[in-house]
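Reminder, nothing fancy here: chain letters follow the sequence lines and each chain counts from 1.
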Amino acid sequence: MKVFNTITRKKEELIPLVPGEIKMYSCGPTVYNYFHIGNARPFIIFDILRRYLEYRGYKVTFVQNFTDVDDKIIKKAKEEKVSEKEVAEKFIKEYFKDAEALGIRKADYHPRVTENIPEIINLIKRIEENGLTYTINGNVYYDTTKFSDYGKLSKQNLEELEAGARVDVGDEKKNPMDFVLWKNQKPGEPAWDSPWGLGRPGWHIECSAMSMKYLGETMDIHSGGQDLIFPHHENEIAQSEGATGKPFAKYWMHNGFINVDNEKMSKSLGNFFTVREVSEVYDLEIVRLFMISSHYRSPINFSNELLDSIKSSLERLYIAKNNLKYLLSKAEEKERLENEVDIEESLLKHKDRFIEAMEDDLNTADAVSAIFDLVRDINANINDNTSKTTIQYAFDLYMELAGVLGLLSKEEKNLDEEIEALIEERQKARKEKNWALADEIRDNLNGKGIILEDTPSGVKWRRA
RNA sequence: GGCGACAUAGCCAAGCGGUAAGGCAGAGGACUGCAAAUCCUUUACCCCCGGUUCAAAUCCGGGUGUCGCCUCCA
């Protein structure tokens with residue numbers, strides 16, 4: 001598989017540190033609110049990367065953190081008059097709710113800052129021992145001038161960064177680019193004991209400490225949104241490599257943004273939609289398909305019109321799935337037709353194209369198109385006359401590929417008796433060529449969100 | 001100022017040197033009692049101007065436009 005590596009700005013062959021194993025870390029949410037559609041993109045994309053690597057036989061260890069202590073959480077806790085822990089607990093729970101509805105699997109580890117304070121302190125100590133820090137008033141700062149590789153990820157040098165940076169007035173840092181590893185305690189804030197006094201970790205250090213805990217000092221893939229390249233990931237490199245002297249991550253992957261009216265969706269601009277809000281109007285699987293219908297590094301625009309069109313696309317996929325299930329339920333074991341081997345071979349070609357697309361830097365857009373081609377092939381060639389074996393083959397193949405993308409896992413709920421009776425009644429009317437009554441029943445059911453389809457082998461239904 | 005991304009049909013979106021995937025929407029046809037679903041057909045001077053090449057949406061140079069990072073941010 002080829003992967004675009006931010007640090008080299010090139011697509012590279014993905015070669016794991018340990019053959020057959022992939023260790024990956026993705027920056028997770030700060031839990032002070034529901035997450036928005038923009039936040040959802042990396043969660044979905046890297047969930048798919050993980051699924052795909054597993055599909056290809058890798059043993060994947062996937063870590064995604066929760067930042068559960070930070071300024072925004074403290075602020076929220078004050079506003080709500082509850083503890084920081086309560087705020088964090090609540091939104092971790094809400095994260096999992098939304099993530100599940102988006103088809104995002106849980107990571108192997110979801111470490112939290114507050115549960116890794118000793119690890120964080122130890123890492124800061126190591127950096128300190130290497131002479132890369134200075135401490136003022138209980139604040140431990142990273143001295144970026146001492147790390148010669150600083151800027152290697154974002155391809156910036158210190159002078160240029162400083163030229164564009166706003167320097168805070170009265171800042172005690174030696175250099176504007178320096179960043180805090182350990183913050184001293186301010187009144188009323190949560191704090192832990194440390195060699196530098198009571199305080200709490202800076203933002204960047206947590207990811208270094210927690211990723212090393214679960215993945216070792218060098219991992220295969222570190223991922224996140226493009227806005228994390230600088231300063232967050234740059235600082236992670238400075239801390240981690242400053243402590244260990246080893247490369248922190250072999251591959252850096254960054255997703256592009258979700259825009260609204262061509263502008264980045266962000267909290268500060270106020271143009272964001274939370275996943276929770278969107279879920280009230282659209283099934284979140286639509287959002288998932290929306291995300292993977294374009295390449296993960298491209299910016300995409302978010303709008304209701306787009307979701308509406310994706311909704312129709314997803315319907316097409318589900319109809320195809322349910323058609324196969326319907327055929328399967330009706331099919332009997334019988335002699336396979338001569339051309340069925342050809343059909344299976346033809347279907348298999350779409351799998352090749354699917355894999356080829358995914359191998360090329362996770363080209364999910366192309367992979368999705370391979371699935372649509374498979375669907376057309378199935379719709380055109382699998383029917384009442386097909387043997388059960390071949391129908392099953394098509395179904396399994398289709399579900400296999402959809403599963404890699406985390407799609408089509410929902411099952412239709414059964415109809416209640418009342419509706420089944422109505423369908424029976426309509427069938428009777430049709431036999432008697434009482435079209436007026438038959439159509440009335442169909443319209444009636446339509447109003448209840450049940451769409452009927454008359455097929456040669458019987459009546460099929462689906463929910464709108 | 002530094003670093004970077006993008007510009008393909010009405011909309012969304014692949015494409016990575018060999019003559020334009022796929023989805024949505026639209027049109028026509030087949031199927032159907034009528035529908036629905038499905039299938040078939042149909043819709044592109046690939047932002048502009050130069051250059052390289054037998055061959056460019058694709059490579060190079062120059063424009064134009066849009067966006068992002070450099071500050072919490074996915």
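In this structure, A:N379 and A:N323 approach most closely via the heavy-atom pair OD1-ND2, 4.3 Å. Nearest heavy-atom pair across A:L289 and A:L317 is CD2-CD1, 4.4 Å.
Across the P atoms, B:rA36 and B:rG26 are found 12 Å apart, a figure rounded to whole Å. Here the separation of B:rC16 from B:rC47, taken at their P atoms, is 16 Å to the nearest Å.
Sparse packing is recorded around CG of A:D261, with 12 or fewer heavy atoms of other residues, nucleotides or ligands lying under 6.0 Å away.
Residue contacts for A:N262: at a heavy-atom cut-off of 4.0 Å it reaches the sugar-phosphate backbone alone, with no base atom in range. Within the nucleic acid shown, A:I258 comes within 4.0 Å of at least one base atom, counting heavy atoms only. Across all strands shown, A:S268 has heavy atoms under 4.0 Å from base atoms, whether or not it also approaches the sugar-phosphate. Residue contacts for A:H295: at a heavy-atom cut-off of 4.0 Å it reaches the sugar-phosphate backbone alone, with no base atom in range. Counting non-hydrogen atoms under 4.0 angstrom, A:R426 reaches a base of the nucleic acid. Residue-level contact check: A:D366 touches the bases, meaning some heavy atom is under 4.0 Å from a base atom. Residue contacts shown for A:K311 are absent, as no nucleic acid heavy atom lies under 4.0 Å away.
Taking 3.5 Å as the limit, the base of B:rC34 and the side chain of A:D454 contain a donor-acceptor pair of atoms between them. Within 3.5 Å, no donor on the side chain of A:D227 pairs with an acceptor on the base of B:rG68, nor the reverse. One N or O donor and one acceptor, one from the side chain of A:R442 and one from the base of B:rA35, sit under 3.5 Å apart. At a cut-off of 3.5 angstrom, counting only N and O atoms as typed in the model, there is a donor on one side and an acceptor on the other between the side-chain of A:K264 and the base of B:rC73.
A close approach under 4.0 Å does not occur between any side-chain nitrogen or oxygen of A:R430 and OP1 or OP2 of B:rU32. Within the 4.0 Å cut-off from OP1 or OP2 of B:rC12, not a single side-chain nitrogen or oxygen of A:S313 is found. Here A:N363 reaches the OP1 or OP2 of B:rG15: one of its side-chain N or O atoms lies under 4.0 Å away. When the side-chain nitrogen and oxygen atoms of A:R9 are compared with OP1 and OP2 of B:rA5, none of them lie within a distance under 4.0 Å.
Among the nucleotides B:rC67, B:rG22, B:rC34, the one closest to the side chain of A:D439 is B:rC34. In this structure, of B:rA13, B:rC69, B:rC11, it is B:rC11 that holds the atom nearest to the side chain of A:L306. Taking every side-chain heavy atom of A:S369 into account, B:rG22 is the closest of B:rG4, B:rG22, B:rA36. Residue A:E453 places its side chain closer to B:rA37 than to any other of B:rC12, B:rA37, B:rC70.
Between A:K155 atom NZ and B:rC70 atom P there is a gap of 17 Å when expressed in whole angstrom units. B:rA35 atom C1' lies 14 Å from atom NZ of A:K460, rounded to whole Å.
Note: A:F66 and A:H110 meet the aromatic proximity criterion, with ring centroids under 6.0 Å apart.
Centre separation under 5.5 Å together with a plane angle under 30° holds for the ring of A:W435 and the six-membered base ring of B:rG33, marking them as stacked.
With A:D47 as the fixed residue, the side chain to side chain donor-acceptor pair (under 3.5 Å) test singles out one of A:Q64, A:R288, A:K106: A:R288.
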